Amino acid sequence: MMTQALSKDTKAVSRNQLRGKVQTVCGLIEPDALGKTLMHEHLLWDIRTAEMKAAVDQGPEISLCNCFRINYDRVKYPRNRIFRNWETATSEVKMMLEVGGQSIVELSSGGLAPDPFGLRTISENTGAHVVMGCGHYVDSYQDQSNHERSVDSFAKEVIAQVLEGAWGTDVRAGIIGEIGCQSPWTDLEKRVMRGALIAQAETGAALNVHPGRHPDQPQEVVDFVAKHGYPLERVIISHIDRTIFDHERLLRLADTGCVLEFDLFGQEYAYYSLGDIDGLNDAQRLKYIRMLIKHGHLSQILISHDICHQTRLVNYGGHGYGHIYENVIPIMRRHGFTEQEISTILVENPKRLLTFL
């Protein structure tokens with residue numbers, strides 16, 4: 001397990017200093033130091049809607065007796081959607097390290113209560129590398145003042161979050177996102193996206209996109225990126241495994257060159273509370289990934305858990321951040337995934353995308 005102390009680097013950086021490096025919440029590191037990396041997680045978060053925040057009843061305390069019922073999410077308990085405990089988060093990350101994980105990308109962007117100092121503390125106390133995202137989540141989670149802002153305003157904000165520090169701190173972001181989109185896509189979200197693309201070009205960072213839940217929305221996003229003249233090789237489309245379920249759409253999207261992220265590993269029940277779809281289990285996710293590999297898209301695949309409910313943490317009866325390493329990799333091997341393919345998905349693809357150009 002990695003337990004060495006991480007030194008803080010609190011000075012602003014230039015584009016030249018970033019090139020060829022990975023930027024964590026503790027500073028710049030060499031890309032080879034990342035190791036196995038989860039590319040879409042939340043360590044400290046608040047994903048409650050405004051209505052949930054205002055509710056008098058935040059739901060019961062989570063226990064082993066009710067965690068499955070709460071996690072199934074037929075009844076939405078606000079308490080399950082906020083987590084701010086640095087100490088418990090530290091214990092969860094330590095458990096991930098014990099089963100072979102090394103690095104985490106944390107994507108609690110604007111509207112999801114980002115906590116840069118908390119992330120730095122967790123990284124320092126565990127030795128895990130934590131890469132922080134920046135930018136803004138979907139329209140309804142954003143501050144009302146954002147509706148009056150320009151594309152250039154959003155671009156300057158994200159550039160500063162990467163080069164100087166994010167959310168009023170000296171902790172610098174190492175990736176842009178998750179940038180929130182919906183279907184239909186709102187004007188505000190499009191302005192945020194354009195600002196993020198400008199910032200990506202200026203900083204050399206990768207960009208992570210939270211797409212709307214319509215199966216054509218990921219394609220709408222990549223067409224928008226291409227229309228505005230930006231390359232797609234470092235644009236990551238999250239939540240593929242709750243959005244696209246037919247091979248034709250999936251291959252058309254992959255053929256654009258964008259990166260496809262299957263990031264709901266550990267959610268293994270058919271009921272999906274946010275849309276009229278049947279959720280996948282991990283074995284089904286791997287079948288889609290195998291199909292993509294067969295068609296030559298191995299270098300475009302990422303996997304993660306997107307943990308953003310307390311009941312998915314080990315301390316509250318869930319699978320935790322170690323699930324992919326402890327449980328999914330053995331399934332991959334059983335289904336014929338080679339060690340090279342596993343390493344490409346968990347080590348090489350994250351390393352390439354998190355290295356600044």
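Keep in mind that the numbers below use all heavy atoms, side chains included, and drop hydrogens, waters and symmetry copies. When a residue number appears, it is its place in the shown sequence, counting from 1. Just so it is clear, the model here is predicted, and its values are computed rather than measured.
Judged by distance alone, the side chain of Thr37 and the main-chain N or O of Gly35 form a donor-acceptor pair under 3.5 Å. In terms of modelled atom types and a separation under 3.5 Å, the side chain of Thr169 and the main chain of Gly165 share no donor-acceptor contact. Side-chain atoms of Gln300 come within 3.5 Å of backbone atoms of Cys258 as a donor-acceptor pair (strictly under, hydrogens ignored). Thr256 places a side-chain N or O within donor-acceptor distance of the main-chain N or O of Leu253, the cut-off being under 3.5 Å. Using modelled atom types, one side-chain atom of Glu189 and one backbone atom of Gln182 make a donor-acceptor pair closer than 3.5 Å. Not a single donor-acceptor pair under 3.5 Å links the side chain of Glu148 to the backbone N or O of Ser145. Between the side chain of Arg312 and the backbone N or O of Asp306 there is at least one donor-acceptor pair closer than 3.5 Å. Side-chain atoms of Glu106 never come within 3.5 Å of backbone atoms of His42 as a donor-acceptor pair (strictly under, hydrogens ignored). The backbone N or O of Met52 sits less than 3.5 Å from a side-chain atom of Gln58, completing a donor-acceptor pair. With Tyr141 contributing its side chain and Gly110 its backbone, the two residues share no donor-acceptor pair below 3.5 Å.
Not counting sequence neighbours, His309 has no partner by the ring-ring contact (aromatic ring centres under 6.0 Å, His included) test. Remark: Phe265 engages no residue in a ring-ring contact (aromatic ring centres under 6.0 Å, His included) (not counting sequence neighbours). In this view, Arg84 and Leu44, Ile82, Ala113, Asp115 satisfy the side chain to side chain contact (heavy atoms under 4.5 Å, CB included) rule, not counting sequence neighbours. Residues that satisfy the side chain to side chain contact (heavy atoms under 4.5 Å, CB included) test with Leu251, not counting sequence neighbours, are Met291, Leu292, His295, His297. Partners of Asp143 under the salt bridge (charged side-chain N to carboxylate O under 4.0 Å, His left out) rule, at least two apart in sequence or in another chain, do not exist in this structure. For the salt bridge (charged side-chain N to carboxylate O under 4.0 Å, His left out) test, no residue two or more places apart in sequence or in another chain qualifies with Asp152. For Asp139, there are no salt bridge (charged side-chain N to carboxylate O under 4.0 Å, His left out) partners at least two apart in sequence or on another chain. For Arg48, the salt bridge (charged side-chain N to carboxylate O under 4.0 Å, His left out) test picks out Asp46, with sequence neighbours left out. Remark: His210 engages Tyr137, His239 in a ring-ring contact (aromatic ring centres under 6.0 Å, His included) (not counting sequence neighbours).
In the model, Thr24 has no side-chain atom that pairs as donor or acceptor with a side-chain atom of His129 under 3.5 Å. Of the N and O atoms on the side chains of Glu41 and His305, at least one donor lies less than 3.5 Å from an acceptor on the other residue. A donor and an acceptor atom, one from each side chain of Asn327 and His319, are nowhere located under 3.5 Å apart. For the residue pair Arg69 and Asn66, no side-chain donor N or O sits within less than 3.5 Å of a side-chain acceptor on the partner. Side-chain atoms of Glu157 and His136 form a donor-acceptor pair, as typed in the model, at a separation below 3.5 Å. Judged purely by distance below 3.5 Å, without hydrogens or angles, the side chains of Ser91 and Asn315 pair a donor atom with an acceptor atom. Checked by atom type, the side-chain pair Ser109/Glu178 shows no donor-acceptor distance below 3.5 Å.
Of the charged side-chain nitrogens involved, none lies within less than 4.0 Å of a carboxylate oxygen, so that Asp187 and Lys190 do not count as a salt-bridged pair. Checked for salt-bridge contact, Arg252 and Asp255 miss the test: no charged N lies under 4.0 Å from a carboxylate O. The pair Asp278-Arg242 fails the salt-bridge criterion, with no side-chain N (NZ, NE, NH1 or NH2) lying under 4.0 Å from an Asp/Glu carboxylate O. In this structure, Glu61 pairs ionically with Arg79, as a charged nitrogen and a carboxylate oxygen lie closer than 4.0 Å. Ion pairing between Arg172 and Asp9 holds under the 4.0 Å rule for side-chain N and carboxylate O. Ion pairing of Glu30 with Lys351 is absent here, as no side-chain N (NZ or NE/NH1/NH2) approaches a carboxylate O to less than 4.0 Å.
A distance of 4.5 Å separates CG of Asp241 from CZ of Arg285, quoted to the nearest 0.5 Å. The distance from the CZ atom of Arg249 to the OG1 atom of Thr243 is 11.0 Å, given to the nearest 0.5 Å. Here CG of Leu357 is found 10.0 Å from CZ of Arg352. Values are rounded to the nearest 0.5 Å. Here the CG-CD distance, from Asn71 to Gln310, works out to 11.0 Å after rounding to the nearest 0.5 Å. Going from atom CD of Glu339 over to atom CD of Glu341 covers 10.0 Å, rounded to the nearest 0.5 Å. Between atom CD1 of residue Ile237 and atom CG of residue Leu207 there is a gap of 8.0 Å, rounded to the nearest 0.5 Å.
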Exercise. Just do the salt bridge (charged side-chain N to carboxylate O under 4.0 Å, His left out) check on Glu51 and Lys76 with the steps written out, would you?
Key: CA-CA 12 Å; Glu51 294 77 13; Lys76 295 176 175 58; over 6 Å; no
Practice problem: Begin with the C-alpha distance, continue with both residues' side-chain angles, and end with the deciding distance and a verdict on side chain to side chain donor-acceptor pair (under 3.5 Å) for Asn349 and Thr344. | Solution: CA-CA 6 Å; Asn349 291 347; Thr344 297; 5.6 Å; no
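The two atoms that bring Val25 and Ser123 nearest to each other are CG2-CB, 3.8 Å, heavy atoms only. Closest non-hydrogen pair, Gln217 versus Ser183, comes out as CG-CB, 3.6 Å. The two residues Ser304 and Leu38 have their closest heavy-atom pair at OG-CB, 3.5 Å. Closest non-hydrogen pair, Gly266 versus Asp282, comes out as N-OD1, 3.0 Å. Of all the heavy atoms in Cys67 and Gly317, the pair that sits closest is SG-CA, 4.0 Å. The two residues Ala166 and Met132 come nearest to each other via the heavy atoms CB-CE, 3.7 Å.
For NZ of Lys156, the number of neighbouring non-hydrogen atoms (other residues, nucleotides, ligands) closer than 6.0 Å is 12 at most. For Lys53, the NZ atom counts as densely surrounded, since its 6.0 Å shell holds more than 12 non-hydrogen atoms of other residues, nucleotides or ligands.
Pairs of residues two or more places apart, or lying in two chains, that qualify as ring pair (Phe, Tyr, Trp, His ring centres under 6.0 Å) and include a residue from residues 72-118 are Trp45-Phe83, Phe68-Tyr72, Tyr72-Tyr269, Tyr72-Tyr271. Applying the side-chain hydrogen bond (donor to acceptor under 3.5 Å, both in side chains) test to every pair with at least one member in residues 223-233, sequence neighbours left out, gives these pairs: Gln219-Asp223. Note on residues 327-357: no pairs pass ring pair (Phe, Tyr, Trp, His ring centres under 6.0 Å), not counting sequence neighbours.
The residue from Ser103, Pro31, Pro350 that alone fulfils the side-chain contact (heavy atoms from CB on, under 4.5 Å) condition with Val22 is Pro31. Ile236 pairs with exactly one of Leu107, Ile175, Val209, Asp263 by the side-chain contact (heavy atoms from CB on, under 4.5 Å) rule, that one being Ile175.
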